[in-house]
There are 2 protein chains.
Amino acid sequence: MTVWISRRPDAEVAAELKRSQGPLAGVRLAVKDNVDAAGLPTTAACPEFAYRPHRDAAVVAALRAAGAVVVGKTNLDQFATGLVGTRSPYGAVPDSRRPEFISGGSSSGSAVAVATGEADIAIGTDTAGSGRVPAGLQGIVGVKPTVGVISTDGVVPACESYDCVTIFAPNLELANLAMGVMAAGARAREWPSDVRLAAPPSPVVAVPNELPELDRDWRAAFDAAVGRLTAAGARIVTVDIAPFLAAAKLLYEGALVSERYAAVGEFIDAHPDAALDPTVRRIISAARDIPAHRLVRDRREVDRQRSVAMGALDGVDALVVPTAPMHPRIDEVAADPVGVNSRMGTYTNFCNLFDLCAVAAPSGTAGQAQFGITVLARAFEDAVALDVAALVTGDQAPVDVWPLAVADSVDLVVFGAHLRGGPLVHQLIDLGARWAGEVTTAPHYRMSVLPTVPAKPAITRMPDGAAGTALLGHRWLLSPAALGRFLAALPAPMQLGKVEFDDGTWRTAFGCDGAAATGPDISAYGSWPAAVAAGAV
Amino acid sequence: MTVWISRRPDAEVAAELKRSQGPLAGVRLAVKDNVDAAGLPTTAACPEFAYRPHRDAAVVAALRAAGAVVVGKTNLDQFATGLVGTRSPYGAVPDSRRPEFISGGSSSGSAVAVATGEADIAIGTDTAGSGRVPAGLQGIVGVKPTVGVISTDGVVPACESYDCVTIFAPNLELANLAMGVMAAGARAREWPSDVRLAAPPSPVVAVPNELPELDRDWRAAFDAAVGRLTAAGARIVTVDIAPFLAAAKLLYEGALVSERYAAVGEFIDAHPDAALDPTVRRIISAARDIPAHRLVRDRREVDRQRSVAMGALDGVDALVVPTAPMHPRIDEVAADPVGVNSRMGTYTNFCNLFDLCAVAAPSGTAGQAQFGITVLARAFEDAVALDVAALVTGDQAPVDVWPLAVADSVDLVVFGAHLRGGPLVHQLIDLGARWAGEVTTAPHYRMSVLPTVPAKPAITRMPDGAAGTALLGHRWLLSPAALGRFLAALPAPMQLGKVEFDDGTWRTAFGCDGAAATGPDISAYGSWPAAVAAGAV
């Protein structure tokens, strides 16, 4: 069995699972073997490289603190260099369903452990697609966060500027839960104060104008996914995929690969007899003599391609691509290890270079193969990517989307035109606000009709001692900058301030200038929609 | 005369000055000769490198559009490689006051042109201190913005990741005006939505725990500057300067210099007979063979030093250092061109590597030399740096500080505890709000006393038709995120919404829950302070 490089004794794991507590209590965690877990060696799939870490990587510590139990360390393409899952002296990891096919890599063992149910969730890493390609081939979810938001402390670097820690899980809900724990407990790059916390209910989704490397079955599978998006309300636009593919080539064919030499090159040079995968050795050794000025220029070229690509995504909420373009057999990879690997990265390589976040999700089958799509969104729009992925899978997007665990957000409770479905709700949606449910005020308020167009409710607090009403509203979560912009655009007589709710909390909510609240009292209806439905407005 | 490499005919300049219009009408502009100005050659102080640009650099275009008139192109350390002003085949630029001394560089001609009054403002560039060191030695102001916020389109790159366009001017006010024009017209890196727009009135200012390279006179001059800061209300703390100095060394002694080879190395290799400054040639040629993996590691080391340094600045608003540590003679530089140059960068080299912004300002004399300090602040806190610099020079900080021309800001008008000098004003100051003057409402409002602690005014609009009062308030400018955070923290019964002012504008301002506005009417006093002074509260 090549999925695991090391495993903890079953009895030990079982005992820990029994007493585990927290949001991830009872969750079995597999850890890619380039990520430290105290008590187990870290090999990065190179036995001579192995060391015994004294501490958990920051992400492992966070998941363990939340109740997850480490089952063992999983096989990978050596030094996380590859997308195939065959580049390991511990053996190629076969596909979970069809053993003559590859698992995808480099997080091969992690993805297969989740696909077979040997683990509930798994940590992967992703530089060129290692957290997405194997998710796609194994029919599971892989979440690749915005570069840098999650600590890589205790992770063996591959290409440090672009390395991300990822999560594999059978579904979006569990992946989201684990991401939230990991992000909050192992935070790094700061989140800006204007993060969009949700995709619009009818997002604009770009798809490539061409689909290189996909055969007919795979194209049909992609078309089916796009069809589901359309049916779910997305507006589909096409985007020129050329600048994305051009940047992808720079990741291995240009000077960026010198980062891999910086990471483990000296080890490789100093260990000529180590059990190195010949392809991995060749790639990393060849990076030794690349001059620095070429790296400077290639980075500049990445920036240039990025600005072309991002320009093409203006007005677009997310880009959807096939996760992998095919599912090759192990012998096909052996016959052409570099060529097949490159083709596997067609739709993943550009992502981290362009500072995009991504969610890989299963989306049916292509012939006998699992088919998966990847939703890509701008840096820090991880919530947008997750919401759009949920439209493809048909899942309910989690209310507590994981960026809420780390990005600043503030409340706004609305009672009228900004209720979900209301005529002005687009103002909140455009600001990336996330709907967070219904709430009811303490019974101290009064609702009257303002003579505005469209008509709006005036919510005012009753004077102390006077009887009032409990009123129904909707709670939205926004970034602080979104709330500031919303307030700056808000016309008189509307005002925002604290309102008391039936759970004793005071939340920022709509009020209004007292002098304007002279219209008919409609408090008795309990909510604006009820008043409207009754013809009272 | 070595200040200018090329000049426009006097008559042409005079005619243009006469008909110039806009905020910079009549302002004579000198342009460092590594920045394109259509109609004049760009040499970067290498005659063989010269070309005739068809278009203005973005910054030149912006200043011209605002009325500034280009006088000519100024001498510089070749390819902007140096801090001395002697590395040019067009001759060393002498100090404006004592010709046996250096001018400082690399923006030597630009700084001297402003110091002698041959130009009113000048464009410089700054990678290691080229926009600050010559400002310091010439007794003028040099503004070095946050890396990347101002376009470098049309600028010959030196070390592209760290190059900035700068402004020289005789005083903060004119420098600020020119920066605003340049920033708005040549914008690049996006400003975040939580920018601090002002320094606190009593800022926390860090000074180095040691002052290497300064002699007694220069230390005394620095102490005098710190004394002025203290007298102006700053709280001085000391900071370990070691991580700042360590990073400085990486700029020239490490692999980062390969960026200079990427910029002009191929030109230098292809032109062995070009009039190259021997020191510049040596520095750039030596960078050709640096391996990329060393660049990767040196950048990592910069990041590491940066996080140590920024940690040391926690809770600090700005860092103040001497701009230059000495003022050498031209013959001293000739005797030790690299050694003296390195020492000149002691207090400047780290700045752009650490993504800091800076304002260099004159601060008296050190013996016979001009003495200058540099105020450094975090990325995008250019307004903070400018405000603290004004405390040193004794100038009034400009109300329209230049980042307001580009960073998003929103209004908040306050009437009570958040007036300047009020008991809760620290809430706005902590959020980086900038005071923007007094404003008066339209005569439709009423002010009453709320029974809060501290007591606050309730501003409510009178019902239509009822007589009201014009009330005096203070206008603050905040980032959108700051306004959102302020609102999220605002307790009942205070509310924020639109209030009408006497100029017909509606601005976001304090209102309040109507049910709470039952206290004594104090409208007749016209303002909260007047009511307080009269004992009505």
Side-chain angles (χ1 to χ4, degrees), chain A residues 160-161 192-194 255-263 265 287-297 299-300 408 410-411 446 460-464 466 478-488 490-500 506 508 511-518, chain B residues 160-161 192-194 255-263 265 287-297 299-300 408 410-411 446 460-464 466 478-488 490-500 506 508 511-518:
Chain A
E160 206 175 333
S161 304
S193 52
D194 59 354
L256 301 184
V257 73
S258 60
E259 288 218 27
R260 292 186 188 265
Y261 187 87
R288 181 180 43 218
D289 300 322
I290 297 171
H293 58 85
R294 262 196 63 205
L295 177 58
V296 171
R297 275 182 245 181
R299 281 189 191 274
R300 211 72 74 209
D408 268 4
V410 291
D411 272 320
R446 174 180 183 278
T460 46
R461 192 171 169 93
M462 298 301 288
D464 282 352
L478 301 84
S479 70
L483 182 60
R485 291 197 173 108
F486 183 82
L487 171 59
L490 190 71
M494 309 316 296
Q495 297 186 343
L496 306 180
K498 290 292 171 300
V499 163
E500 186 181 5
W506 290 79
T508 304
C512 111
D513 185 310
T518 55
Chain B
E160 208 175 331
S161 304
S193 52
D194 59 353
L256 301 184
V257 73
S258 60
E259 288 219 27
R260 294 188 187 264
Y261 186 88
R288 181 179 45 219
D289 300 322
I290 298 170
H293 58 85
R294 259 196 66 204
L295 177 58
V296 171
R297 274 181 247 181
R299 282 190 192 273
R300 211 71 75 210
D408 268 4
V410 291
D411 273 320
R446 174 179 183 277
T460 46
R461 191 170 170 93
M462 298 300 289
D464 281 352
L478 302 83
S479 70
L483 182 60
R485 292 195 173 111
F486 184 82
L487 171 59
L490 190 71
M494 309 317 296
Q495 298 187 343
L496 305 180
K498 290 292 170 298
V499 164
E500 187 181 5
W506 289 79
T508 304
C512 112
D513 185 310
T518 54

**Fill in**
Heavy-atom closest pair (B/Leu487 atom, A/Lys498 atom, distance to 0.1 Å) is O-NZ, 2.9 Å
**Request:** Might you point out which heavy atoms bring A/Arg288 and B/His293 nearest each other, and give the distance in Å?
**Result:** O-CD2, 3.2 Å
**Complete:** Minimal heavy-atom distance between A/Ala488 and B/Val410, with the atoms involved, is CB-CG1, 3.7 Å
**Request:** Report the option among B/Ala482, B/Ala492, B/Pro480 that has the most heavy-atom pairs separated by less than 4.5 Å from atoms of chain A.
**Result:** B/Pro480
**Asked** By a 4.5 Å heavy-atom criterion (distance strictly below it), what part of B/Asp194 contacts chain A: side chain, backbone, both, or neither?
**Response** both
**Request:** Locate the shortest heavy-atom distance separating B/Ala262 from A/Val296; write the atom from each residue and the value.
**Result:** CB-CG1, 3.6 Å
**Complete:** Correct closest heavy-atom pair for A/Asp408 and B/Arg485 would be OD2-NH2, 2.8 Å
**Request:** Name the member of B/Asp289, B/Asp464, B/Leu256, B/Leu295 that forms the most heavy-atom pairs with chain A at distances under 4.5 Å.
**Result:** B/Leu295
**Request:** Decide yes or no for B/Arg300 and A/Ser161: does some side-chain heavy atom of the first lie under 4.5 Å from some side-chain heavy atom of the second?
**Result:** yes
**Request:** Under 4.5 Å heavy-atom distance to chain A, tell me which part of B/Pro491 shows up: side chain, backbone, both or neither.
**Result:** backbone
**Complete:** Under 4.5 Å to a heavy atom of chain A? For B/Glu500 that would be neither
**Message:** For chain A, which candidate among B/Ala516, B/Gly497, B/Ala255, B/Gly514 shows the most heavy-atom pairs at distances under 4.5 Å?
**Reply:** B/Gly497
**Prompt:** Closest heavy-atom contact between B/Ser193 and A/Ser193?
**Reply:** OG-OG, 3.3 Å
**Message:** Quick check for you: to the nearest 0.5 Å, what is the distance between A/Arg299 atom CZ and B/Arg299 atom CZ?
**Reply:** 6.0 Å
**Message:** Please classify the contact of B/Ser258 with chain A as side chain, backbone, both or neither, using a heavy-atom distance under 4.5 Å.
**Reply:** both
**Item:** Value rounded to 0.5 Å, distance of CD1 in B/Ile290 from CD1 in A/Ile290
**Value:** 15.0 Å
**Asked** Measuring heavy-atom distances to chain A, does B/Arg294 have an atom under 4.5 Å in its side chain, in its backbone, in both, or in neither?
**Response** neither
**Message:** Looking only at heavy atoms and a cut-off of under 4.5 Å, which of B/Met494, B/Glu259, B/Glu160 has the most pairs with chain A?
**Reply:** B/Glu160
